[in-house]
Amino acid sequence: MATLARLLSSAPVPLFGSARTAGMFAVAKAKALPRFAGWAVPLGVGALWFVWPAVDDNWKIEMGLKADPEAAAKAAEAAAAAAPKKVELSPAAEAKVEAAYKVEEYVETDDDKMLAKAESTGDYSYFEEKWEAFSEKSGRPGEDDDDDDDDDDDDDDDDDEDEDEEEDEDDDE
């Protein structure tokens, strides 16, 4: 084993003379590598910047690093074939579509005029009368009966309190 190591270390290497001298040089330089570790990423990016354009596009496609233009063209053809046909509208329908976004002109009503007048004078009695009339029309007959129910409930509560007071008086005797 020692003979093999001596034989390999004495093998000639250009610039260094022997493999042993080249190995000692490599070990000495390897000790300085941690100082240059911060440069690994920038140097790698710079090397790829120059090498990447030279890489064949077919290889990039095979490795999945680039989209296949032929497959994209086939997918576009399939999508075009599956797309719905264009809808033809009648001239009347086209006119309605063109006029759909247009707002009708605003026409001021009597209530709008009354509101403007009321705002300027501060007198809203006209609208109060309309509201009262609306309230009467929209209410159901007998709808206010639930107020009477509330009064009855209050009377029942008062009766319960009276009974409690009577019991307390009986207990005191």
Side-chain angles (χ1 to χ4, degrees), residues 1-122 124 126-128 130-140 143 146 150:
M1 185 75 172
T3 311
L4 181 62
R6 192 168 20 129
L7 181 63
L8 288 177
S9 66
S10 63
V13 175
L15 291 170
F16 295 103
S18 69
R20 181 173 184 211
T21 309
M24 289 185 343
F25 178 79
V27 169
K29 292 300 176 184
K31 290 178 184 177
L33 282 180
R35 290 187 301 166
F36 301 110
W39 286 96
V41 172
L43 287 175
V45 170
L48 284 176
W49 188 336
F50 287 109
V51 172
W52 189 251
V55 176
D56 184 33
D57 283 342
N58 290 333
W59 183 85
K60 292 178 189 176
I61 292 169
E62 285 177 16
M63 293 297 140
L65 300 173
K66 188 175 182 180
D68 188 4
E70 292 174 9
K74 288 179 184 176
E77 288 175 10
K85 305 278 188 214
K86 185 176 179 180
V87 176
E88 295 293 329
L89 296 177
S90 66
E94 286 182 7
K96 286 182 180 179
V97 169
E98 290 297 322
Y101 69 92
K102 295 179 182 174
V103 180
E104 294 179 17
E105 288 189 31
Y106 176 71
V107 178
E108 192 171 25
T109 63
D110 291 336
D111 284 340
D112 292 336
K113 292 175 186 174
M114 289 296 292
L115 180 60
K117 182 180 175 186
E119 285 179 350
S120 64
T121 62
Y124 293 96
Y126 169 74
F127 292 106
E128 290 170 1
K130 286 185 79 171
W131 179 251
E132 285 298 322
F134 173 76
S135 296
E136 289 176 14
K137 289 179 186 176
S138 65
R140 295 185 196 143
E143 188 175 272
D146 59 339
D150 291 340

Can you confirm whether [X] is buried at [atom1], in the sense that more than 12 heavy atoms of other residues, nucleotides or ligands lie under 6.0 Å from that atom?
X: Phe134; atom1: CZ; answer: no
X: Trp39; atom1: CH2; answer: no
X: Glu108; atom1: CD; answer: yes

Would you name the heavy atoms of [X] and [Y] that are closest together and state the gap between them?
X: Pro69; Y: Ile61; value: CD-CD1, 4.0 Å
X: Pro53; Y: Phe50; value: CD-O, 3.7 Å
X: Val13; Y: Ala22; value: CG1-CB, 4.1 Å

Decide yes or no for Phe25 and Leu15: does some side-chain heavy atom of the first lie under 4.5 Å from some side-chain heavy atom of the second?
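Side-chain contact under 4.5 Å: no.
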
What distance do [X] atom [atom1] and [Y] atom [atom2] have between them, rounded to the nearest 0.5 Å?
X: Asp56; Y: Lys66; atom1: CG; atom2: NZ; result: 9.5 Å
X: Lys60; Y: Asn58; atom1: NZ; atom2: CG; result: 10.5 Å
X: Ser9; Y: Arg6; atom1: OG; atom2: CZ; result: 8.0 Å
X: Leu115; Y: Thr109; atom1: CG; atom2: OG1; result: 9.0 Å
X: Leu48; Y: Leu43; atom1: CG; atom2: CG; result: 11.0 Å
X: Asp68; Y: Lys74; atom1: CG; atom2: NZ; result: 8.0 Å

Could you check Phe16 against Met24 for side-chain contact (heavy atoms from CB on, under 4.5 Å), going step by step and ending with a plain yes or no?
CA-CA 10 Å; Phe16 295 103; Met24 289 185 343; over 6 Å; no

